[in-house]
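These notes concern the structure reproduced below.
We use all heavy atoms of the structure for the numbers below, so side chains are in, but hydrogens, waters and symmetry mates are not.
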Amino acid sequence: MRNVSLFTALLLLSNCSSPPAVQQLGRIAFPTSGNSAAQTEFERGVLLMHSFEYGAAGEAFRQAQGLDSGFAMAYWGEALSYTHHVWNQQDAAAARTALNRLGASREARLAAAPTPREKAYGEAIEVLYGEGSEASRDTLYALAMERVATAYPDDDEAKVLYATALFGLTQGARDVPLYMRAGALAEEVFRRNPQHPGAAHMIIHAFDDPVHAPLGLFAARAYSEIAPAAAHAQHMTTHIFLALGLWDDVVSQNVIAAGPDSATWKAGHYTHWLLYAYLQQGRRADARALLKSLGDHGSAPGPMANFRSRYVMESEEWDGPEAHALATDAGAAGEGGYAYGTFAAGYAAAKRGDLVMARTHLGRLSAINGKATAQVSPGARGAEVVPVIMELSLGAELARQSGKPDVAMAMLRRATALEEGMPAEFGPPAVVKPSHELLAALYLEVGKQAEAASTYERALQLQPGRSAALLGLARTEQVLGHTVRSELAMKQLEAIWAQADTDVQSMAKLP
């Protein structure tokens with residue numbers, strides 16, 4: 001199985017395993033040769049798959065197989081449910097096992113498809129799980145689905161599945177022209193069927209970066225109503241909301257996605273986005289309560305270290321219980337969470353004056369990165385770059401406190417260059433504390449106000465609506481004497497902090 005990124009796959013899988021309780025999943029037309037009862041289960045499986053409820057989709061397809069053992073498309077559906085194009089995941093062995101239950105050979109399986117259209121779908125799935133590397137099979141599958149969509153121009157499913165297949169060509173990276181192509185295909189289907197969950201979903205994925213997010217807002221507003229029973233559909237809307245800094249919507253939709261009983265919530269994908277949005281809203285008490293609940297209910301150390309890192313770096317509670325918990329659990333977090341926890345624990349230690357502990361954590365980050373710290377360059381994959389950015393950021397803080405602002409500035413400039421080279425974000429920033437904000441604060445401290453303002457503005461272009469960047473920009477523009485700009489930034493922050501804790505709201509004031 002291929003991984004999306006260090007944390008995304010883990011968090012996605014932790015939230016996407018339970019079937020929806022009520023089957024309100026949207027509307028499609030996917031006629032096949034299966035009997036009536038099997039067709040109903042088959043379409044339910046396709047609807048679930050469109051909303052990335054893959055486990056429940058596979059079960060629905062197996063139900064269809066039980067109702068019509070020769071129903072070739074039911075085996076096609078189960079096999080397809082084992083490839084998750086957008087997440088860059090594939091379980092080819094499980095898919096081949098499913099296909100082998102239909103027939104022992106490609107020829108036997110294709111012979112079971114009674115119509116040319118179903119045979120075309122069968123040929124596409126045979127390519128996806130045939131010979132060759134995963135990357136080459138993904139490419140051949142996308143071409144096969146393009147042929148199906150071209151041969152059957154009225155088949156909306158072929159068009160949406162072709163759009164979904166295009167995401168598989170990127171191997172987990174963001175390819176803007178390819179994303180735009182996929183989005184255009186999905187929009188065409190959405191115009192014909194505004195209840196199509198797959199069309200709305202692919203529009204959102206195509207446009208879920210800060211530059212293109214306005215193009216997907218209509219789909220985000222619609223998707224939660226199209227598929228209210230799919231938890232992932234409720235969460236998916238927030239890919240657009242977060243990219244636009246619409247924190248109230250990020251909170252409300254991830255609360256729904258996480259489930260009605262908060263006592264069952266774990267540290268996963270939906271609760272990660274919820275925590276991040278609480279922190280942007282200035283609702284630190286709610287964020288702390290969420291962290292406590294997640295810890296009390298057995299969440300894994302890795303995600304918890306990541307969550308605590310997010311809390312500490314956003315709240316700046318350097319001497320609080322979450323910071324001290326990080327100092328003890330970073331080493332137990334395992335792969336991934338270790339780097340995040342080590343960075344935040346080290347940064348908090350530096351901020352509270354424990355430079356010995358901060359240097360210890362810096363040494364651990366350096367050991368994680370090894371030669372990558374010196375060798376990695378802008379444009380490298382996020383999993384390689386993010387720990388290096390964190391090492392540079394912590395090193396810069398130690399240099400700043402040692403009276404070496406020029407050294408700190410050079411380190412942070414390199415960190416921002418690496419961050420600029422990363423693909424556009426589609427969620428909470430992979431760098432737990434965006435390096436542009438750290439560089440802007442340093443510029444302001446050394447009297448480079450104009451550089452600070454432009455760096456804060458760039459930070460907000462990369463992650464719109466972040467409260468720390470807005471507060472920094474408002475204060476910087478005030479120092480520069482740009483009263484209107486300062487007040488505009490502060491008004492935006494006040495709106496974001498409308499539900500903030502009282503002590504947080506008190507910061508939304510200019511001297």
Side-chain angles (χ1 to χ4, degrees), residues 12 15-30 40-57 60 86 156-157 159-161 163-164 167 179 182-209 212-262 265 268-274 276-277 281 426-427 465 499:
L12 284 168
N15 277 121
C16 299
S17 58
S18 301
V22 181
Q23 300 308 330
Q24 296 172 282
L25 299 165
R27 177 172 56 81
I28 60 172
F30 200 164
T40 297
E41 285 299 307
F42 171 78
E43 289 200 353
R44 187 169 71 89
V46 175
L47 285 165
L48 286 160
M49 192 161 58
H50 281 317
S51 288
F52 293 4
E53 301 286 350
Y54 290 114
V86 175
D156 284 347
E157 296 313 297
K159 202 173 294 291
V160 170
L161 291 171
T164 308
F167 288 97
Y179 276 36
L185 287 165
E187 277 196 55
E188 182 182 337
V189 173
F190 191 84
R191 285 194 295 270
R192 286 196 295 269
N193 177 9
Q195 292 298 310
H196 197 296
H201 197 169
M202 290 305 102
I203 290 168
I204 292 169
H205 269 300
F207 301 133
D208 64 349
D209 66 87
H212 299 97
L215 300 175
L217 186 57
F218 74 97
R221 294 291 185 206
Y223 192 24
S224 63
E225 300 296 327
I226 292 169
H232 190 72
Q234 303 308 305
H235 159 77
M236 191 62 218
T237 63
T238 64
H239 278 233
I240 297 296
F241 299 147
L242 189 147
L244 295 173
L246 301 175
W247 305 115
D248 293 353
D249 293 302
V250 178
V251 166
S252 63
Q253 291 305 115
N254 281 294
V255 166
I256 296 170
D261 184 2
S262 61
W265 292 358
H269 192 63
Y270 308 152
T271 49
H272 182 209
W273 289 50
L274 176 59
Y276 180 68
Q281 290 181 314
F426 63 91
Q499 303 177 64

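The shortest non-hydrogen separation linking Pro197 to His50 is CG-CB, 4.0 Å. When all heavy atoms are compared, the tightest approach of Phe207 to Gly183 is CZ-CA, 4.1 Å. In plain terms, the two heavy atoms of Ala258 and Thr271 that are nearest each other are CB-CG2, 4.3 Å. Heavy atoms only, all atoms of each residue included: Val160 and Gly198 are closest at CG1-C, 3.8 Å. Taking each heavy atom of Ile240 and Ile204 in turn, the nearest pair found is CG1-CG2, 3.7 Å. Here the closest non-hydrogen pair linking Ala277 and Val250 is CB-CG1, 3.5 Å.
Two rings, from His272 and His269, have their centers 6.0 Å or more apart. In this structure, the ring of Tyr276 has its center less than 6.0 angstrom from the ring center of Trp247.
To the nearest 0.5 Å, atom CZ of residue Phe167 and atom OH of residue Tyr179 are 6.0 Å apart. Separating the CG atom in Asn254 from the CH2 atom in Trp265 is a distance of 9.0 Å, to the nearest 0.5 Å. Separation of atoms CD (Glu157) and CD (Glu43) is listed at 8.0 Å; rounding is to 0.5 Å. For the atom pair CG of Leu215 and CG of Asp208, the computed distance is 11.5 Å after rounding to the nearest 0.5 Å. To the nearest 0.5 Å, atoms CG (Leu47) and CD1 (Ile226) are separated by 11.0 Å. In this structure, CD1 on Ile28 lies 5.5 Å from NE2 on His196, to the nearest 0.5 angstrom.
Formation of a donor-acceptor pair under 3.5 Å by the Asp156 side chain with backbone atoms of Asn193 is not found in this model.
Between His235 and Trp273, the two ring planes are perpendicular [angle over 60°; tilted spans 30° to 60°].
Here Ala186 pairs with Met202, Ile203 under the side chain to side chain contact (heavy atoms under 4.5 Å, CB included) rule; sequence neighbours left out. Ile256 pairs by the side chain to side chain contact (heavy atoms under 4.5 Å, CB included) definition with Gln234, Gln253, not counting sequence neighbours.
When side chains are defined from C-beta on, Tyr54 does not count as touching Leu48, because their heavy atoms never get closer than 4.5 Å.
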**OP:** Let me see the working for Leu25 and Glu53 under side-chain contact (heavy atoms from CB on, under 4.5 Å), right down to the final yes or no.
**Re:** CA-CA 10 Å; Leu25 299 165; Glu53 301 286 350; 5.8 Å; no
**OP:** Please step through side-chain contact (heavy atoms from CB on, under 4.5 Å) for the pair Thr238 and Tyr270, ending with a clear verdict.
**Re:** CA-CA 10 Å; Thr238 64; Tyr270 308 152; over 6 Å; no
Under 3.5 Å, which donor-acceptor pairs link side chains of residues 216-223 to any protein atom two or more places apart or in another chain?
{"unit_1": "Arg221", "atom_1": "NH1", "unit_2": "Asp249", "atom_2": "OD1", "d": "3.3"}
{"unit_1": "Arg221", "atom_1": "NH1", "unit_2": "Asp249", "atom_2": "OD2", "d": "3.4"}
{"unit_1": "Tyr223", "atom_1": "OH", "unit_2": "Ser51", "atom_2": "OG", "d": "2.7"}
{"unit_1": "Tyr223", "atom_1": "OH", "unit_2": "His201", "atom_2": "ND1", "d": "3.2"}

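No more than 12 heavy atoms of other residues, nucleotides or ligands lie within 6.0 Å of CD in Glu225, so this atom counts as exposed by the packing criterion.
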